Amino acid sequence: MSITYNGVTGEFHLSNGVISYIICVYENGYAGQLYFGAALDPLGSYRHLYRSRFDGFSNSAGEFARFEYPSYGNGDFRLPAVTILQEDGSSVIEPVYRSHRIVTGKEPIPFLPATYVDEADEAETLELDLEDAKSGATITLSCTIFRDHAAVARHVRIRNGGKSTLRIKCAMSASLDLEDSGWELLTLTGAWARECGVTTRSLAQGFQGVASSRGISSHHQNPFVALKRPETGESMGEAYGFSLVYSGNFLAGCEVDAFGISRVRIGINPEGFDWELPPGAFFDTPEAVLAWSGTGLTGLSDAYHGLYRTRLARGFWRDRPRPVLLNNWEGTYFDFDEKKLLSIASSAKELGAELFVLDDGWYGKRNDDTSSLGDWIVNPEKLPEGISGLAEKVGKLGLSFGIWIEPEMISARSGLFERHPDWAIGIPGRPRTEGRQQYVLDFSRREIVDHLYEVLSGLFSGARVSYVKWDMNRCLTEPFSLSLPADRQGEFFHRYCLGVYSLYERLISAFPEILFESCAGGGGRFDPGMLFYAPQAWTSDDSDAIERLKIQWGASICYPLSSMGAHVSAVPNHQTGRMTPLATRAAVAFFGVFGYELDPAGLSDAEKSIISEQIAFYKKHRGLFQTGRFIRLKSPFDGNDVAWMVVSPDKTLAVAGAYRILARPSPGLSRLVLRGLLADASYRVAAWPAGTNDAAETNNTGLRGGDELMHAGLLFGGDRWYAPTQGDFWSRLFVLEKQE
Ligand code: GLA
């Protein structure tokens, strides 16, 4: 890994042997982009990749130029990465090269989540200073290349070195210009309970992209997009990934100009954003992580999974096996007392779970979702011995104890609202919009965050709390803060997000051994920003196994399995009404951070014994599921058959999951070709659950060569009675163990 600077041609070449990222300084001093893709010889010059000199915009000069951080209003008519309003009312800047530094390692970004290094030699960072002489604005572009990941991390700092106040109207985290538009834009889109649907569309002249203005990254659009060639698949072809390490309003999109040049930008959504920058002050954008793969979407996922699991997630739980949990939410909703919870916990222990999580409803007068958010004091009618008493008893059963909180919220019917009605976000003189019958606390205000820190640190230190589920169940409306003057209300959304990050940071510093799981009505804030504080997230409120095939498949394009909470729940499923076999529910949820979300009292003895076996199976292979290489095989967005697998780093152990959504009579033969194994090794293949003696088991178990598994594959069908015996929502796992 290296960053080389060629002073003669003005080129910076960031390379790690897998990817190269090449920036240049054009003749007029602007920062240009020459290349991002497969590694090139770091000693070569690539200045000719932009076909002529660039001395500045004139007539059509510049139309084909690629810029590292394009600015507004000076001849580049594409959408800009940066717009800065100045005292005279103009927004044009001329950001020209002033200096640069090549530093070992990677610096943190103050108050923002970001990827990091454990050892300085894992990365190198280029810091490029561009200056606009008239306004005094300095733009420092940071670009980090990682030794072990096919990705670059980008971040921008804008400093006001002038004498008058500047206003930042737009400050993207990264911008990338590509020479052609022969790409498809892949996005992860959806809604509550169906997050991360994979959508692809061909690029066309004009703007296309996704954004959030909900105050959170949202269920609807994830802060991730990819560009792929039409022929790019899971295992072959070229793809770029763009991921924003941020949890608030974002924009990620691509503009194709008249000549087919494609500009991808990702950063804070400029809509509603306006940041005042007085002389001497600086503003940091969130980090964007750009990845490139020449080996299809799997290669892209490899880059993000490795980086996000090991160098974005952090702390005590980063590398530790995550506990198998049982959460009472779908089992009881608000209707519980200590006796009921202890009976659930005691069954959970018998089944093999390691952590009992008490969800919503334990505080204030919270017997439904109309009250009490903000009153984080136990309801003595439900829990007479308090959280500490319950946690103690759960501990005596041999389980860890976890608790649900929703710190950013306030109910109109709450003691907190009676005391501090002005703490809820709203605009004086206008009604507040309710969401899930609740308001949002103004986390841009320090005193409110301080209050939550006091209350929550008291709660966590007063009881044996090992796990916290931090929920966030509505979007932000009427954006306004009483603490900001009229001309700085455009800072509200970002300051809210900084407030959330600051509370997380204080709590994880004070309680480093608590495992945090983020949640926002499921996947409403399933983003890389959250992963910096909470190494796992509740992927979706939809626990239906068939829906989860899509949700987990989509999420896995960017996010590692260790970040995805995945639970088995009761049937009929509470979100879809679907009846799926217990085996299938587990066979899907295993590919994530595994748990249960039901009341074991409703289970038969036979189901209980199946669940015990499921938990034992997951515990046996937990390292593989949580840290192995995830490979997508057959997409739930393409057909009736779905498959994926996870492989250990040394390729000696793998588990493949095969799923058939609807049964069909007289099925023909089909093959499931596996990937990522050792071609010259021999694997013992076992079906799980074993002993069904159907064709899927008898055809595929025994000794198989890695080459055979990756070319001939596993064989399905050919069994006339298959459909009636298996029914809908069939699944089977195959455990592959390399033989010596
Ligand atoms: C959200 C979460 C659920 C549950 C409820 C409790 O919807 O996503 O898992 O915690 O809130 O109110």
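Just so we're clear, the structure is a prediction, and the values are computed from it rather than from any experiment. Every heavy atom of this structure was used, including side-chain atoms; hydrogens, water molecules and symmetry mates were not. For ligands, and for the atoms within them, numbers begin at 1 and follow the listed sequence.
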Under 4.0 Å from a heavy atom of [X]: give me the atoms of ligand 1 that qualify, with their elements.
X    : answer
W538 : 8 (O), 9 (O)
G521 : 1 (C), 7 (O), 8 (O)
N473 : 1 (C), 7 (O), 11 (O)
D360 : 6 (C), 12 (O)

Determine whether the side chains of S543 and E330 contain a donor N or O and an acceptor N or O closer than 3.5 Å.
-> yes
Looking only at side chains, do W470 and E408 share a donor and an acceptor under 3.5 Å apart?
-> yes
Flag if over 12 foreign heavy atoms under 6.0 Å of NZ, K340 = yes
Neighbour count >12 (heavy atoms, 6.0 Å) for atom NZ, K382 | yes
Heavy atom under 4.0 Å from ligand 1: found in D471's side chain, backbone, both, or neither?
-> side chain
Hey, would you say the F625 and Y618 ring centroids sit under 6.0 Å apart?
-> yes
Quick one: does R436 get within less than 4.0 Å of ligand 1, heavy atoms only?
-> yes
Validation row: I508, R314 side chains within 4.5 angstrom (heavy atoms) = yes
Is any N or O atom of [X], backbone or side chain, closer than 3.5 Å to an N or O atom of ligand 1?
X    : answer
A520 : no
K469 : yes
D541 : yes

